2 protein chains.
Amino acid sequence: MQHSMPPLSALRAFEATARLGSVTAAADELSVTHGAVSRQLKSLDEHFGVALFVKSGRGIALTPHGERLQSGVGEAFARLKDSCAVLKHEVEEAPFTLACPGSLLARWLIPRLDRLNRELPQLKLKVVVSESEQPGKQTDVSATLAFSEPPWPENVEVMELMAEQICAVVSPQLAAHIDTAKPATLLANKLLYTASRPQAWPQWANAQGLELAQLEEALSKGQGFDHLYYLMEAAVAGLGVAIAPKLLVEDDLKSGRLIAPWGSIETPARLCLWLPNQTNSYRSEPLAAWLKRELGDEHC
Amino acid sequence: MQHSMPPLSALRAFEATARLGSVTAAADELSVTHGAVSRQLKSLDEHFGVALFVKSGRGIALTPHGERLQSGVGEAFARLKDSCAVLKHEVEEAPFTLACPGSLLARWLIPRLDRLNRELPQLKLKVVVSESEQPGKQTDVSATLAFSEPPWPENVEVMELMAEQICAVVSPQLAAHIDTAKPATLLANKLLYTASRPQAWPQWANAQGLELAQLEEALSKGQGFDHLYYLMEAAVAGLGVAIAPKLLVEDDLKSGRLIAPWGSIETPARLCLWLPNQTNSYRSEPLAAWLKRELGDEHC
DNA sequence: ATCAATATGTGAGATTTAGTCAACTGTTAG
DNA sequence: CTAACAGTTGACTAAATCTCACATATTGAT
């Protein structure tokens, strides 16, 4: 009495065969060969010690025992399929919430959001400003887009999208008064910075071969902002020279609202997509692919 | 949308775990290690792209998604188990019908039937006289017991129980008038035979070194019977010398109603249990074992 | 009648799935 | 603070399942 249950795969084969009235059709539905289904049915016969099908012409037909089994098993499998389909549907129809820092959201993602939604409508994408400092921490988001430096924690999946590049930017009006050929002349100007990225100016200065002490002094005469977003607005307004991820000023450089006379440098940070553990890859992969494509296009 | 169904074994692990509230308990019920169940659950999470359980203290608890899945899947599995149990019960409770030739039934099986039923009550044994000449042919019986000669057809399972032995038997009263030392003297007596076993006398005569021509002549003076059963009654009544399977006269020999002065010889035939293809081995094996034991005991 | 087409059954071997074992992490209770 | 418990995971192994190719049986068409 211990094991009245036969192997489940055999029951599934039975259910499909009984419903479709054909071994071959059932095999087709289950994406296996008819031989595989035939074996499963034989194993069921042996399990129950009674024939569930009899040959009928060149096909098969249920025996009375088979018919009685089918009535219950058919309903059970219908229930099973329905339950799984409902859950799958719930998961797929749920909006995909992408968290992202405000500056990246405002200056890069939002201008592209309409196209993203048109190209990946099945995501039902929702974007929110990320609140936590650690991207993987928020549990109520499907993914987080952010610049961050390796190493990354182990219990989350982090997809690297591109290296961060930063550049010093200035309004064209202000640039007219600077000798942009020599980086050092920059230090005479008002430097704009944000506390959220204290390493940005030192990294840039270092790459340009400038003395850190000189930079410190220049910064002390500069202006700080709470947020990268305000910093960039200040640069556009011609308040001074700002340092910013190239990605966030790309549109401004193209439109001529800002210029970056000293080029850009790569930092150790990477633009990453952080995925909590159980994120459905069917949903995150198209988004990752779209982001990579979008970022790649901009480089050309 | 193709494959909304995860592997069924993973669903079963989920159902048991959700119902019992514990991976270890589920593993126990399914007779596997907890590691195996843990893997199955993980594969389900990945299939649906959502966590179905969360760690809760040192155990686990269903997530809202998990709870919704459980409600349907639990019922479906209950249905499945019930359907299988019902069928299994039907098969096990159905009487086991054993067919058997009339003579074997009357002179060997019926005297032992009460004990057989007492020792194997779960069989709910029913015996019927076999109608078909070919033992495997009848479809409405669970098994057929009969003497038959190899080779046997391929599509039925035939279990050999013992070699057939035949012996010439005579009533003690009649034996008093025969010189039983020499087989040849037998030919002077009235030979009793049945058309259903034409080879019996020739086989016996051959084994005793008698001429077939002489036998033919003796047989022509003898008496034929429709059925082995009448033949044996005739021998008991002292009408002449009969030839019969030793098994069928064993009880008569023991009681002294018949004697077999010339011993017995083995024929190519075997006492066999014929099993149609889908006979449940859980039911036929105890019967076969009982028969073998019974036959073995008689040889001692 | 014979041949092609259709449907199912089966032996042998390959592949995939699922399971075991043992080590590891985290939690609770004494 | 240790021991017992509950679950997860890496590496390996065992077993179930599938495929392929061939065999058998029925049906319909030439």
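Note on naming: letters A, B, ... go to the chains in the order of the sequence lines (proteins, then strands), and numbering restarts at 1 for each one. None of these values were measured; they are calculated from a predicted model.
- Listed by residue number, G57(A), R58(A) are the residues of residues 55-68 of chain A with a heavy-atom contact under 4.0 Å to DNA chain D.
- Enclosure of atom NZ in K292(B) is not indicated, since only 12 or fewer non-hydrogen atoms of other residues, nucleotides or ligands lie within 6.0 angstrom.
- Contact of the R270(A) side chain with the E149(A) side chain is not registered, since no non-hydrogen atoms from C-beta on lie closer than 4.5 Å.
- The pair R197(A)-E164(A) counts as a salt bridge, with a side-chain nitrogen and a carboxylate oxygen less than 4.0 angstrom apart.
- Side chain to side chain, W274(B) and S148(B) meet the donor-acceptor criterion of an N or O pair below 3.5 Å.
- The only option from V23(B), L30(B), T24(B) that meets the side-chain contact (heavy atoms from CB on, under 4.5 Å) definition with T17(B) turns out to be V23(B).
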| Hey, mind stepping through W290(A) and L295(A) against side chain to side chain contact (heavy atoms under 4.5 Å, CB included) and telling me if it holds? | CA-CA 9 Å; W290(A) 189 92; L295(A) 294 163; over 6 Å; no

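- Interatomic distance, CD of E92(A) versus NZ of K124(A), reported as 10.0 Å (0.5 Å rounding).
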| message | Walk along nucleotides 10-24 of chain C from 5' to 3' and tag each nucleotide B, S or - by protein heavy-atom contact under 4.0 Å, base first, then sugar-phosphate. | response | BBB-----SSB----

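- Contact annotation: the side chain of F147(B) approaches that of L247(B) to within less than 4.5 Å [non-hydrogen atoms, C-beta and beyond].
- Regarding L41(A), its CG atom lies at a distance of 11 Å from the C1' atom of dG9(C), rounded to whole Å.
- Non-hydrogen atoms lying under 4.0 Å from DNA chain C are contributed by nothing in residues 16-24 of chain B.
- Not counting sequence neighbours, R39(A) has no partner by the salt bridge (Lys or Arg N to Asp or Glu O under 4.0 Å) test.
- Surrounding NZ of K81(B) are more than 12 heavy atoms belonging to other residues, nucleotides or ligands, all under 6.0 Å away.
- Across all their heavy atoms, S43(A) and A10(A) have their closest contact at OG-CB, 3.8 Å.
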| request: Check the pair R79(A), E75(A) against salt bridge (charged side-chain N to carboxylate O under 4.0 Å, His left out), reporting the backbone distance first and the verdict last. | output: CA-CA 6 Å; R79(A) 190 78 203 265; E75(A) 283 179 35; over 6 Å; no

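- Bracketed by its first and final contacts, the part of DNA chain D lying under 4.0 Å from non-hydrogen atoms of chain B reaches from dA4(D) to dA11(D) in 5' to 3' order.
- Rotation axes derived from the C1' atoms of the five outermost pairs at either end of the helix from dA1(C)-dT30(D) to dG30(C)-dC1(D) lie 30° apart, to the nearest 10°.
- Side-chain contact of T267(B) with Q203(B): a donor-acceptor pair under 3.5 Å is absent, judged by distance alone.
- Under the 4.5 Å side-chain criterion, counting only non-hydrogen atoms from C-beta, L62(A) is not in contact with L69(A).
- Side chains of L11(B) and C84(A) form a contact here, defined as non-hydrogen atoms less than 4.5 Å apart.
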